[in-house]
Amino acid sequence: MAPSPTGDLHVGGARTALFTWLFARHHGGDFILRIEDTDRKRFVDESMQGIFEALRWLGLDWDEGPQVGGPYGPYIQSERLDLYQERAAWLVEHGHAYPCFCSPERLNEVRAAHRERGEPPGYDRHCRNLTLEQIAEYRAQGIEPVIRLKMPLEGTTSLTDLLRGEITWENRLLEDAVILKSDGYPTYHLAVVIDDHLMKISHVTRGEEWLPSSPLHVQLYEAFGWEPPIFAHPSVILKPDGKGKLSKRDGAVGVLEYKRNGYLPEALDNYLALLGWSSGDQEIFTREELIEKFDLADVNPSPSRFSFEKLLWMNQHYINHILTLEDLTQRCIPYLQQAGLVSDVAGDPSSAEHAYAQSVIALLKDRMKLLTEVVELTSFFFTEETEPYEPSLLVPKKTEPSAVGPALERVEAILTEADFDDEAAMQASLDELLAELGLKRGQLYMAIRVAVTGRTVSPGLFETMRVLGKERTLARIAAARAKLAAG
RNA sequence: GCCCCGUUCGUCUAGAGGCCUAGGACAUCACCCUUUCAAGGUGAAGAUCGCGGGUUCGAAUCCCGCACGGGGUACCA
């Protein structure tokens, strides 16, 4: 895994990382993290920490890399510049590469001209055969050259991709790419080949966008006399409408955004794993099952679209059916604390406050899609009174407004005598009242629901009252009656 | 333009010559459950397997063209 610190870790990068991690874990190999910060213009300072945090959150721990060390460090490319410069010089000495003094303007002209003639684009190898004198002359002018790799002029270059099989390019169509920039930094191509070799990388998994530069890497291995690793290029992730790569404009793309938005890392992992990979009809996998069943060779090479809908379903499914109540409670409490609904003590599983929060969350478990929703969904359980509401909400459809007050008065009287721990008995006694008043269930129960919760949507009425407790329930009904009387 | 990769329900996919009257999931719709909202259950609809040629007794599956989609085409990764 070798991200660039140019911003947040993108879900596409996260998927590739997940594939790599699963593959490594499946085969008992090591998962190695390396930071590719060779582009000083695009470097974003905090993004390296963000990448670490995102990977950790997803559960993708690394065996070698920044923060954990390893035998082949440093694992940050900007700390390895000497290495690249030495090797680049070696390539030049051995006739595999050459300095190029061409100006950006000339390069642009060449590209434009090639394109106009319908020829393959790229560099025209102007500096490939400079004499020593010419080189000295350019240097005397103070021009810092780049180093370009000499690509073979004929023949073919191929590689065997784990997902795609053998892929072949004609050498005459490949250009002499820059491998060392004039600022002394390597380009991705040089750095990745040197590091992968030195760090003894066996498998390189990277996005499809790297496929076109792969023959260059193969030639670099060839020039160095090194054995190339095994390559795997999963497809890119497309926008939901399929028109191009998924990008910021399409919504959340940063892994940490999903964390902030209330997604579970296991749900994101599960969803991402299923994008381009599958195992029969199974859709929900534990981490262990994923490790056991995943294989890079089974990854579908065709691009797939990102579906926010299915990811949301996946998240909801995990909350509703996979997470234990205690686990869900633990994850919800920070949100409740942040909203000021529970105190710091609630974080302690042995506290009464924690137990109460858990009994509340139990009622909402099937209704929660995102962890962030817990605040909105449960707030009335943590306050003395309900939030303000329109008195008219107390009057259900097809119900005589004047009937509601007296009905609630009867309800209050009945509940005063009721055992709140016995939901069935509570319901039985209110059902009796129902018959007596000649009301339908929805009519009476909706009025009580609004009185007790301040809302028309809530968990089941009797479990809600049970958790809320007799005192608060009765007080709220009384408050509702007062509201009706005043209105 | 040039190079590379890809092409099964709207979407993610199963499918590696006969098991396919093409299976599952999301989304959609209907019904059931039901005090609201969810969750759950049942069912429906949805794919001439991009198109055209081959190979074969037989092709979604193999081969060749074409079309379309995506990626690349930087002193970015």
Side-chain angles (χ1 to χ4, degrees), chain A residues 2-6 13 36-39 41-42 100 102 104 107-108 111 114-123 144-148 161 163-164 167-170 173-175 177-189 191-192 206-215 233 235-236 238 240-245 271 274-284 300-307 309-314 316-317 320-321 364-369 377 396 427 430-431 434 440-450 453 455-462:
Chain A
S4 293
T6 55
E36 316 227 310
D37 57 342
T38 55
D39 184 358
K41 291 185 214 79
R42 296 205 309 161
C100 167
C102 292
L107 261 18
N108 280 335
R111 269 193 286 271
H114 277 222
R115 195 183 164 130
E116 207 165 296
R117 280 182 261 130
E119 289 171 15
Y123 182 53
E144 271 305 320
V146 300
I147 305 295
R148 288 181 184 272
D161 185 281
L163 283 56
R164 302 163 191 268
I167 305 170
T168 301
W169 290 264
E170 283 195 55
L173 300 174
L174 302 174
E175 70 173 311
V178 173
I179 56 175
L180 194 74
K181 308 176 203 175
S182 54
D183 64 3
Y185 275 65
T187 59
Y188 169 82
H189 313 296
V192 78
R206 63 199 352 178
E208 185 184 10
E209 65 269 28
W210 291 108
L211 211 42
S213 50
S214 295
H233 293 92
S235 64
V236 295
L238 266 27
D241 66 6
K243 298 194 189 313
K245 281 199 277 189
Y271 175 71
L274 246 31
L275 214 50
W277 176 81
S278 64
S279 179
D281 286 343
Q282 188 174 353
E283 297 251 280
I284 303 298
N300 189 337
S302 66
S304 38
R305 306 179 189 195
F306 194 84
S307 167
E309 275 177 348
K310 185 144 188 183
L311 171 58
L312 187 60
W313 170 80
M314 186 76 79
Q316 173 175 234
H317 184 84
N320 295 176
H321 305 294
L364 277 309
K365 201 169 186 284
D366 278 348
R367 287 154 238 257
M368 211 185 294
K369 289 183 164 76
L377 252 22
Q427 169 146 13
L430 288 185
D431 277 350
L434 220 50
K440 291 194 171 165
R441 266 190 174 162
Q443 292 181 292
L444 182 65
Y445 289 178
M446 184 52 85
I448 304 175
R449 180 191 316 284
V450 172
T453 68
R455 313 173 176 196
T456 54
V457 174
S458 79
L461 182 56
F462 295 95

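Worth knowing before you read on, the calculation uses all heavy atoms, side chains too, and leaves out hydrogens, waters and symmetry mates. Proteins get letters first, then strands, A, B, ... in listed order; numbering begins at 1 in each.
- The nearest whole Å value for the distance from the NE2 atom in A/His317 to the C1' atom in B/rC26 is 12 Å.
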_Steps toward side-chain contact (heavy atoms from CB on, under 4.5 Å) verdict (A/Thr456, A/Met446)_ = CA-CA 7 Å; A/Thr456 54; A/Met446 184 52 85; 4.2 Å; yes
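- Following rounding to the nearest Å, A/Leu312 (CG) and B/rC26 (P) show an atom-to-atom distance of 13 Å.
- Per the geometry, CD belonging to A/Glu309 stands 7 Å off P belonging to B/rA27, to the nearest Å.
- For the C1' atoms, the distance linking B/rG65 with B/rC75 amounts to 41 Å, nearest Å.
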*Might you work through the side-chain contact (heavy atoms from CB on, under 4.5 Å) test for A/Asp39 and A/Thr6, ending with a clear yes or no?*
CA-CA 9 Å; A/Asp39 184 358; A/Thr6 55; 5.6 Å; no
Polar atom pairs between nucleotides 34-36 of chain B and protein, under 3.5 Å, N or O only, would you list them?
{"from": "B/rU35", "atom 1": "OP1", "to": "A/Arg441", "atom 2": "NE", "distance (Å)": "3.3"}
{"from": "B/rU35", "atom 1": "OP1", "to": "A/Arg441", "atom 2": "NH1", "distance (Å)": "2.1"}
{"from": "B/rU35", "atom 1": "O2", "to": "A/Arg449", "atom 2": "NH2", "distance (Å)": "2.2"}
{"from": "B/rU35", "atom 1": "N3", "to": "A/Leu461", "atom 2": "N", "distance (Å)": "3.4"}
{"from": "B/rU36", "atom 1": "O2'", "to": "A/Thr456", "atom 2": "O", "distance (Å)": "3.3"}
{"from": "B/rU36", "atom 1": "N1", "to": "A/Arg449", "atom 2": "NH2", "distance (Å)": "3.4"}
{"from": "B/rU36", "atom 1": "O2", "to": "A/Ser458", "atom 2": "N", "distance (Å)": "2.9"}
{"from": "B/rU36", "atom 1": "O2", "to": "A/Ser458", "atom 2": "O", "distance (Å)": "3.0"}
{"from": "B/rU36", "atom 1": "N3", "to": "A/Arg449", "atom 2": "NH1", "distance (Å)": "3.3"}
{"from": "B/rU36", "atom 1": "N3", "to": "A/Ser458", "atom 2": "O", "distance (Å)": "2.6"}
{"from": "B/rU36", "atom 1": "O4", "to": "A/Gly460", "atom 2": "N", "distance (Å)": "3.2"}

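- Contact check for A/His233 versus A/Leu163: no side-chain heavy atoms found under the 4.5 Å cut-off.
- Contact record, A/Thr187 with A/Val178: OG1-O, 3.0 Å, taken as the closest heavy-atom pair.
- Atom C1' of B/rA44 sits at a distance of 14 Å from the matching atom of B/rC9, rounded to the whole Å.
- Nucleotides B/rA22 and B/rA39 have their C1' atoms positioned 31 Å apart, rounded to a whole Å.
- Sequence order on RNA chain B of the closest nucleotides to A/Tyr271 and A/Leu174 puts A/Leu174 first from the 5' end.
- Rounded to the nearest Å, the gap between the P atom of B/rA60 and that of B/rA16 is 13 Å.
- When heavy atoms are screened at a 4.0 angstrom cut-off, A/Gln316 is found touching the sugar-phosphate backbone but no base atom.
- With both pairing distances under 3.5 Å, B/rU34 is matched to nothing as a Watson-Crick or G-U wobble pair.
- Salt bridge A/Lys310/A/Glu283: present, at least one basic N to carboxylate O contact under 4.0 Å.
- If you check the side chains of A/Asp431 and A/Tyr445, you find a donor sitting under 3.5 Å from an acceptor.
- Across every strand in view, B/rU21 sits unpaired, with no contact that passes the Watson-Crick or G-U test at under 3.5 angstrom.
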*asked:* Using side-chain contact (heavy atoms from CB on, under 4.5 Å), reason through A/Ser307 and A/Met314 one step at a time and then give a plain yes or no.
replied: CA-CA 11 Å; A/Ser307 167; A/Met314 186 76 79; over 6 Å; no
_Base contacts versus sugar-phosphate-only contacts with protein, heavy atoms under 4.0 Å: please encode nucleotides 62-77 of chain B as B, S and - from 5' to 3'._
--------BBSSSBBB
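- The minimum heavy-atom distance between A/Pro396 and A/Gln443, with the atom names listed, is CG-O, 2.9 Å.
- Base pairing analysis places B/rA67 opposite B/rU7; the two distances defining the Watson-Crick or G-U wobble pair are each below 3.5 Å.
- Nearest approach of A/Ser182 to A/Val146, heavy atoms of both residues: N-CG1, 3.7 Å.
- Under the Watson-Crick or G-U wobble criterion, with both distances below 3.5 Å, B/rA44 is paired with B/rU28.
- Spacing between B/rG10 and B/rU28 at atom C1', rounded to whole Å, works out to 9 Å.
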*Does the pair A/Ile448 and A/Leu430 meet the rule for a side-chain contact (heavy atoms from CB on, under 4.5 Å), with working shown?*
CA-CA 11 Å; A/Ile448 304 175; A/Leu430 288 185; 3.9 Å; yes
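- A gap of 13 Å separates the C1' atoms of B/rU34 and B/rG41, to the nearest Å.
- Within the 3.5 Å criterion, the main-chain N or O of A/Ser302 finds a donor-acceptor partner in the side chain of A/Ser235.
- Across B/rC2 and B/rC19, the matching P atoms stand 42 Å from one another, rounded to whole Å.
- The aromatic rings of A/Phe306 and A/Tyr271 lie perpendicular to each other, with more than 60° between the two planes, well past the 30° mark.
- Taking atom C1' in both B/rA14 and B/rC49, the straight-line distance is 12 Å, to the nearest Å.
- Base pairing analysis places B/rG1 opposite B/rU73; the two distances defining the Watson-Crick or G-U wobble pair are each below 3.5 Å.
- If you check every strand for non-hydrogen atoms under 4.0 Å, A/His321 touches sugar and phosphate atoms only.
- Between the CE atom of A/Met368 and the P atom of B/rC37 there is a distance of 19 Å, rounded to whole Å.
- If you run side-chain contact (heavy atoms from CB on, under 4.5 Å) between A/Glu36 and each of A/Ser4, A/Pro5, A/Pro186, only A/Ser4 comes through.
- In plain terms, the two heavy atoms of A/Gly122 and A/Arg111 that are nearest each other are N-CG, 4.1 Å.
- Across the protein-nucleic acid pair, A/Asn300 atom CG and B/rC49 atom C1' stand 14 Å apart, rounded to whole Å.
- With rounding to whole Å, A/Asp366 atom CG is found 11 Å from B/rG41 atom P.
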Expected rows: protein N/O vs nucleotides 18-25 of chain B N/O, under 3.5 Å:
{"from": "B/rA25", "atom 1": "O4'", "to": "A/Glu283", "atom 2": "OE1", "distance (Å)": "3.3"}
{"from": "B/rA25", "atom 1": "O2'", "to": "A/Glu283", "atom 2": "OE1", "distance (Å)": "2.3"}
{"from": "B/rA25", "atom 1": "O2'", "to": "A/Lys310", "atom 2": "NZ", "distance (Å)": "3.0"}
{"from": "B/rA25", "atom 1": "N3", "to": "A/Lys310", "atom 2": "NZ", "distance (Å)": "3.4"}

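- Using a 4.0 Å heavy-atom cutoff across all strands shown, A/Asp161 reaches no nucleic acid atom at all.
- Protein atom CG of A/Leu274 is 8 Å distant from nucleotide atom C1' of B/rU13, rounded to whole Å.
- The partner of B/rA59 cannot be assigned: no Watson-Crick or G-U wobble pair with both contacts below 3.5 Å exists in any strand.
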